[in-house]
Every structure is written in C-alpha cells, then in structure tokens.
Amino acid sequence: MIRVEEALNKILDAVSPLGMEKVNILDARGRVIGEDVYAGRAIPPKDNSAMDGYALRAGDTRGASAGTPAMLEVVEEIPAGTIPEKRIGPGQAARIMTGAPLPEGADAVVRMEDTRKEDGQVAILVEAKHGQDIRLAGEDVQPGEKAISRGEVIRPAEVGMLAALGRSFVSVHQRPLVAIVATGDELTDIDEPLSPWKIVSSNSYSLAALVLDCGAVPMQIGIAKDRREDLVAKFRAAIRADLIVSSGGVSVGDFDLVKEVMKEEGNRMQFWRVAMKPGRPLAFGMLGEVPFVGLPGNPVSAMVSFEQFIHPAILKMMGRVNLFRQTVRARLGEDINKKPGIRHFIRARIQREGDLYTVVTTGDQGSGILKSMVRANGLIILPEEVTTVQAGGMVTVQLLDDSLDWTLEPGY
Ligand code: AMP
Ligand code: MG
C-alpha cells in the first residue's frame, strides 16, 4: 500500500503544462496567462477630473470660503470624452465632468457641491489645494510597465486590464482534453431503457462535471464492457486526449480487466493500493504518451480520488502553480472513529458560526452513497495515524468548491 502523497507525486510528475494558444480575453477567464503583458499606453491617457465640478488654478481660490467666495469667469464646458479648447488663465475656470481631460493652465478641480453658479461666473466656496481631484496620466499604469505577469490566473480584474490596454487576445495555456471511459457490464447510459439489473453510468457525468469545474474539456468515450476487446477499443479511442480517466475495473474481481489491459496496451503501468478511504484501488500508467488514471468504480470513490489526484494534475497541465483545494480547520460536531494506517476523506458539511468553522458529516459514508456527496461541501481529512476524534475536536476540511458558499451569514 502506498501513501496518498506518493501516488499524488507520481501522477504530478507524469504531467506537464500544456502549450499556449491565443484566445479572446473573455475566454481567457480562469486560465493561466503565458506572457508578460507590458502596457503600450498610459492609463489614464491624460490628466483628468475625478469629480464633476470646476477646473481652475488653485492659487485663485486662496482664502475662499462660503462667506467670501472666489469669483471666477467660466470660459468653457468640458463633458467627458471631449478635448478642452481653452487654456485656463488667472481668474478663470471651466465646468468639467468626471473623466474629462483637464484643460491646460488648470491645476485643481473643485467639486460641484463646493461651488455656486452665478451668470457667466462661478463662486468657489472653498480653498482648493494644488492637484486636488485630478487623476494623473499614467497613475494606474505607466507606458512600458508590466501590468500582468505570466503564470497569473486571468480573473475579471485581469480581463479588465487587458481590455484597458487594448488587448483583445491573449496567450494562455491550452485546456487539457480529458477522456472519460466508464467500464462495467452493468452500466447503461441515462437515456437507455432501464432494466432492473442495469445502473446508469453516473460516473461518466460526475467525472465530466469535475473536469469542467477544473476548466478543462471532457471527452466522453462512453461505456466499455468488461471485455478485453471493448476496453482496448475504448482506450484507443481515448488516446487523442491529453489525459485519460477511467472508472471501474481496478479491483480484484474476475472482470476487473482495466489494469490487465493497461499493462498490455500501455507501458510503465503501475497499480496501487493507496492508503485512503474511499478510493483504495488506483491504476496509473501511460497509454503511449498519454497519462492514464484508472479510478475505482464506486461513485464516491471515483469522485474523491479525482479530487485528490486528477484535479491537481489537470491544474498543473493548465499551467497553474497553486494546485490544491483550500483546507480550513473546523470544529467537529460528532465523534468519529477509524482504523489506523489509512487516510479517511469523510463527506461533510462545513459552516461558519461567528469566527469559527463547524463541520458535521453528511451521513452514510459507504462508497456508493452519492447522496452524502450531494449534501457535502467539504471532506474531513483524518490522517493515517488518527483513530478517534471526539465531538468538539478540531479537524482539517478540504473545501470541495474552494468556497464556503453554504455559509448562512454574509460575513461582515
Ligand atoms: P468496480 O470497481 O468496477 O468493481 O465497480 C464498483 C462499483 O461501482 C459497482 O457497484 C459498480 O456498479 C459501480 N460503478 C462502476 N462504474 C460505475 C459508473 N460509471 N457509474 C456508476 N457506478 C459505477
Ligand atoms: Mg466493474
């Protein structure tokens, strides 16, 4: 039996970041940028007003107050998006809108609320400071400045920055194509007529959804019968993927042929019993150049093993540096006992209560009980050596969706 970390490291060692492709900035969301982005222009391009008000010379407002306003001549009006035509001379001001370029000669803006309009003139009711309410050209980004570094994940802020810099396309790591092969004579697809001895291949869909959640592209190869020829045919169909994931057929039953076929077809195939529950059996090898992970067939085992091994592998292929789900410490709401020597991943629901996270299990932990996965937003991780945790004890919880979106309070 090998440790979870050992299996993980072997799988991570076998995958590397994929090459680059150019995509539209909106399609780049969640992907890793493969280039340093330097600004070809200043943002903002010109000094401009941060307020609706009057552009003026601060010196002209010395000593101004509501009782003794500074009276200035209004020489023009500058809506946002227009170019000022006049220079502001002594005793003059221009009506200016937020975002409009500052006219020459002006060195401050006084907001509307601190002024009073009087025909042809404006009364300034406060003393302005030099530079007040002006956004300087390049104060966000200077020309030539590195605005986004390669290796960063494109989030909405990066999309906005790329747009501001005039970049509609950007180079990002390709999304891995992940082939999904279900195996088992008992399996049928969703829409097939159901018979009492058949079960729907839910793994085909839960695994595809997990692949999509990683930002990768699932390729549904379908269901292989527990027969050598059919497995070989399906695995060969999967070979144009960047990663192959199968479920089922890796236990010790007479019809568990996946590992046999992997041995024949691939090379460097390894079969492990990983010291974890659920998800003990795991096959791993290369089919030609393509890494291949054989997950156990039970619906929860398949998902939990995917989370531990395939999720980080896909993120690595996408160029990500941070590969792992977040974990938090939480107070356990019940007693849990286990055998030593095996790491347990227990379906659970975590919630914030004030400054504390609390966690309870979501019921029957059988590896076929998908319902307790449905109710879970995290997995309690109990280390190998632990045998007992009592209610009130602290445990580590892996968050299944990188958030705590079942939190009842807004958090502020
Ligand atoms: P196996 O690892 O092939 O022995 O499968 C273990 C259990 O998981 C069996 O009860 C299977 O019926 C079930 N199983 C295997 N593959 C799937 C699948 N694609 N979808 C849902 N359940 C499955
Ligand atoms: Mg099977």
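Keep in mind the model is a prediction, meaning the values are calculated, not measured. Every number for a ligand or one of its atoms is a count from 1 in the order of the listing.
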Ligand 1 contacted by Val200 (non-hydrogen, < 4.0 Å)
yes
Please round to the nearest 0.5 Å and tell me the distance separating atom CD1 of Ile381 and atom CD1 of Ile346.
10.0 Å
For atom 21 (C) of ligand 1, closest protein heavy-atom neighbour
Ser202 OG, 3.4 Å
Interfacing atoms of ligand 1 (cut-off 4.0 Å, heavy-atom, Leu187):
16 (N), 17 (C), 18 (C), 19 (N), 23 (C)
For Arg329 and Thr396, test the side chains for any donor-to-acceptor distance below 3.5 angstrom and give the result as yes or no.
yes
Has Glu385 got more than 12 heavy atoms of other residues, nucleotides or ligands less than 6.0 Å from its CD?
yes
For the rings on Phe271 and Phe284, is their centre-to-centre separation under 6.0 Å?
no
Proximal atoms of ligand 1 relative to Glu186 (non-hydrogen, under 4.0 Å)
9 (C), 11 (C), 12 (O)
Give the residue and atom name of whichever protein heavy atom lies nearest to atom 6 (C) of ligand 1, and the separation in Å to one decimal.
Asn298 N, 3.8 Å
Neighbour count >12 (heavy atoms, 6.0 Å) for atom CZ, Arg150
no
Is a side-chain N or O of Thr362 found less than 3.5 angstrom from the main chain of Ser372, in a donor-acceptor match?
yes
Main-chain N/O of Val75 paired to Lys86 side chain as donor or acceptor, under 3.5 Å:
yes
for atom 22 (N) of ligand 1, nearest protein heavy atom and its distance come out as Ile199 CD1, 3.6 Å
Using a heavy-atom cut-off of under 4.0 Å, does the side chain or the backbone of Ala182 touch ligand 1, or both, or neither?
side chain
Just to confirm my output: which protein heavy-atom neighbour is closest to atom 17 (C) of ligand 1, and how far is it?
Asn203 ND2, 3.3 Å
Heavy atom under 4.0 Å from ligand 1: found in Ser201's side chain, backbone, both, or neither?
both
Numbered in order shown, the ligand 1 atoms found under 4.0 Å of a heavy atom of Ser247 are 19 (N)
What I want to check is whether the side chains of Asp52 and Thr98 have a donor and an acceptor closer together than 3.5 Å.
yes
Please compare Gly184, Ser367, Gly297, Ala302 and report which has the shortest non-hydrogen distance to atom 8 (O) of ligand 1.
Gly297
Which residue holds the protein heavy atom closest to atom 3 (O) of ligand 1, what is that atom called, and what is the gap in Å?
Gly249 N, 2.9 Å
